[in-house]
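The structure presented is a predicted model; accordingly, all values stated were derived computationally and were not measured.
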Amino acid sequence: MLDIKFIVENTDWVKQSLGRKGFPAEKVDELINTYLELNKFKTSSQTLAEEKNRLSNSIKSASAEERPAIIAKSKEIGEQFKAEQEKLTKIQAKFDDMILRMPNYPSEESPDGPDDSANVVRRKVGEIPHFDFPIRDHVELMEINDWSEMERIAKVSGARTYAIKNDLAQLELAIHMMVMDKLRANGFTLITVPAISKEKPLYNQGYLPFARDEIYYMPADDLYLSGTAELILNSLRADELLTEADLPILYAGFSPCFRREAGAAGKDTRGLVRVHQFFKTEQFVICKNDVAESDKWHKKLLQISEEVLQDLELPYQVLEVCTGDMGAPKYRQYDLEAWVPSQNCYRETHSCSNITDWQARRTNLRYRENASGKVKFCHTLNNTGIATPRALVPFMENHQQADGTIKIPAKLQPYLGGKKVIGKGAE
RNA sequence: GGAUAGAUGGCCGAGUGGUCGAAGGCGCACGAUUGGAAAUCGUGUGUACCUCUAAAGGGUACCGUGAGUUCGAAUCUCACUCUAUCCGCCA
């Protein structure tokens with residue numbers, strides 16, 4: 001959410017900034033007009049409330065003869081007030097809806113562009129492997145190693161689900177353990193959270209009102225299935241007034257994640273790339289309201305996830321996401337993409353975002369600043385720690401050998417009982 | 001699922017129709033005291049919004065959420081949410 005007073009005072013700048021995300025300038029004018037109208041009604045209804053309060057307060061000191069007249073007058077004002085209040089509620093709802101749909105301002109440093117074609121590769125790390133044998137894709141590798149039950153689970157749970165077993169199942173959990181250890185070493189609080197959410201946190205996060213189609217909803221209980229632990233962690237401290245000493249708050253959240261993938265029909269239907277339910281270890285930061293500070297954490301989160309890919313010995317590229325491809329909440333976004341040999345391209349494994357105070361305003365997540373004593377909105381940031389099974393795709397494919405076995409990187413071996421290779425040929 | 005109790009400021013906690021934005025305490029800030037600190041004493045200390053302004057000021061709302069009764073609600077009524085405890089069920 002944006003600060004309406006800032007919009008009123010810096011309208012031209014706001015139009016220009018949001019325009020970089022493709023947000024129409026007319027909607028900014030519309031918002032301001034609604035705000036001015038809203039204030040008119042606030043003023044008029046407050047004047048009535050003031051009059052009503054004054055009359056009510058005068059009753060106890062009024063004489064018995066005076067009372068009936070005052071009560072009658074007060075009732076009359078009360079009716080007017082009620083009518084005014086109803087109009088106010090309507091305009092307030094309209095204004096709330098409009099401002100909830102305003103995207104965050106993008107960073108000056110984010111590249112401009114209409115869609116993902118304008119994203120910029122900032123760097124490539126690691127050598128793309130060259131195989132001297134015909135490579136297998138991850139589905140074939142799972143089949144020859146007896147690592148999955150893809151066809152059977154589709155009968156049980158439907159399309160875009162997965163069941164993996166044996167060493168690959170252990171590998172999935174081992175990778176999460178490795179990432180959690182890294183995050184704890186960086187000062188993060190390990191926290192496992194539900195995948196069930198009420199509706200308000202979805203607005204707080206900025207998922208609603210934008211993408212209702214993407215979310216599983218359980219009408220019997222009026223609850224949603226969370227697409228990421230970010231949703232839960234962002235609202236965990238909602239409505240609290242923190243002290244500056246509480247910050248930064250660093251969470252390493254682990255949870256199952258659920259996505260309907262409504263807009264991805266026909267995309268990535270094979271294997272483990274895009275499934276309805278997966279596990280994610282999420283990095284989430286709450287810090288002070290200072291772009292220099294949140295930018296520092298943004299870089300830190302990026303560095304941690306780069307280290308994760310390096311520890312997994314996967315070649316990757318760092319993508320700076322352009323203004324048009326960024327989600328509404330984001331100020332600045334980097335994606336990490338790992339090399340997938342069978343597709344001969346990089347595929348996204350991590351998404352690292354600085355949300356500045358946009359989420360915190362919706363969430364009412366605040367702290368009192370030491371020096372000024374003022375209450376300020378926090379900044380929030382999030383990044384993938386690791387998400388599986390998707391990360392297993394580049395992992396299996398990059399580390400495959402001619403016999404179909406998979407090499408285990410040194411950093412991961414302690415989490416797999418010291419195994420250096422997994423797969424049928426290794427047993 | 002059934003029963004009971006509860007939800008008040010940064011925190012704890014008093015408050016059953018007007019004098020309550022709300023006692024008291026803790027915490028925090030400033031001052032006194034001290035060589036310095038602790039202790040003690042004094043003063044101050046909610047949030048959001050509207051209006052006005054150079055500043056001050058004036059006003060409205062907020063005691064879990066939403067509705068209702070009343071001239072007037074933290075206080076009365078109803079619904080809901082959440083928390084605690086007991087019973088039942090269960091990984």
I'd like the P distance from B/G15 over to B/A29, given in whole Å. 31 Å
Tell me, for nucleotides 73-83 of chain B in 5' to 3' order, what letter each nucleotide earns: B for a base near a protein heavy atom under 4.0 Å, S for only sugar-phosphate near one, - for neither? --------SS-
Between B/U60 and A/Asn53, is there an OP1 or OP2 to side-chain N/O distance shorter than 4.0 Å? yes
Work out how far the C1' atom of B/G6 is from that of B/A14, and round it to whole angstrom. 16 Å
Could you give the distance separating B/G66 and B/G21 at their C1' atoms, to the nearest angstrom? 22 Å
Whole angstrom value for the distance that separates C1' of B/U65 from CG of A/Asp222: 14 Å
Look at all strands and tell whether A/Ile59 reaches a base, only sugar-phosphate, or nothing, counting heavy atoms closer than 4.0 Å. base
Quick check: on RNA chain B, is the nucleotide nearest A/Ile70 upstream (toward 5') of the one nearest A/Ala49, or the reverse? Name the residue that is more 5'. A/Ala49
With distance as the sole test, does A/Glu337 use its side chain to make a donor-acceptor pair with the main-chain N or O of A/Tyr316 at under 3.5 Å? no
Please report, rounded to the nearest Å, how far the P atom of B/G18 is from the CG atom of A/Leu55. 19 Å
A/Phe81 has an atom CZ; how far is it from atom P of B/C71, in whole Å? 16 Å
What is the distance, to the nearest angstrom, from the CD atom on A/Glu84 to the C1' atom on B/U60? 14 Å
B/G27 versus B/C11 - spacing of their C1' atoms, nearest Å: 7 Å
Please check: side-chain N/O of A/Arg362 versus main-chain N/O of A/Tyr203, any donor-acceptor pairing under 3.5 Å? yes
Aromatic contact, A/His298 with A/Tyr334 (centres under 6.0 Å): yes
When the ring planes of A/Phe95 and A/Tyr35 are compared, do they come out parallel, tilted or perpendicular, using 30° and 60° as the limits? tilted
Donor-acceptor pair, side chain of A/Asn104 and main chain of A/Pro329, under 3.5 angstrom: yes
Rounded P spacing from B/U60 to B/U8 in Å: 26 Å
Measuring only the P atom in each nucleotide, how far is B/G2 from B/G88? A whole number of Å is fine. 16 Å
For A/Asp325, is there any backbone N or O sitting under 3.5 Å from a side-chain donor or acceptor partner on A/Asp116? no
Pairing donors with acceptors under 3.5 angstrom, does anything connect the side chains of A/Gln303 and A/Glu307? yes
Would you mind classifying the nucleic acid contact of A/Ser74 as base, sugar-phosphate or nothing, using non-hydrogen atoms under 4.0 angstrom? sugar-phosphate
On RNA chain B, more 5' by nearest nucleotide between A/Lys82 and A/Arg54 is A/Arg54
Any stems for RNA chain B, made of 3 or more Watson-Crick or G-U pairs in a row, each with both distances under 3.5 Å? B:1-7 with B:81-87, B:10-12 with B:24-26, B:27-32 with B:40-45, B:46-51 with B:57-62, B:64-68 with B:76-80
For A/Asn186 and A/Arg184, which I'm curious about, is there any donor-acceptor pair between the side chains at under 3.5 Å? no
Suppose you measure atom P in B/C52 against the same atom in B/A56; what distance do you get, rounded to whole Å? 15 Å
In whole angstrom, give the distance that lies between atom CG of A/Asp239 and atom C1' of B/C62. 13 Å
Is a side-chain N or O of A/Gln333 found less than 3.5 angstrom from the main chain of A/Val321, in a donor-acceptor match? no
Without swapping roles, check the side chain of A/Lys300 against the backbone of A/Asp295 for a donor-acceptor pair under 3.5 Å. no
Are side-chain heavy atoms of A/Phe284 and A/Ile191 found at a separation under 4.5 Å? no
Can you measure A/Glu369 atom CD to B/C28 atom P for me and round it to whole angstrom units? 19 Å
When rounded to whole Å, the CD1 to C1' distance for the pair A/Ile77 and B/G72 reads 14 Å
Determine whether the aromatic ring centres of residues A/Trp13 and A/Tyr105 are separated by less than 6.0 angstrom. yes
What interatomic distance, in whole Å, is found between C1' of B/U75 and the corresponding atom of B/A23? 16 Å
Can you measure A/Glu244 atom CD to B/A29 atom P for me and round it to whole angstrom units? 13 Å
How about A/His176 and A/Phe254: are their ring centroids closer than 6.0 Å? yes
Protein-nucleotides 48-50 of chain B N/O pairs under 3.5 Å:
residue, atom, partner, partner atom, Å
B/C49, O2', A/Lys42, NZ, 3.2
B/C50, OP1, A/Tyr35, OH, 2.5
B/C50, OP2, A/Lys5, NZ, 3.1
B/C50, O2', A/Thr43, OG1, 2.8

Categorize A/Arg368 for me: base, sugar-phosphate, or nothing, with a 4.0 angstrom heavy-atom threshold over every strand shown. sugar-phosphate
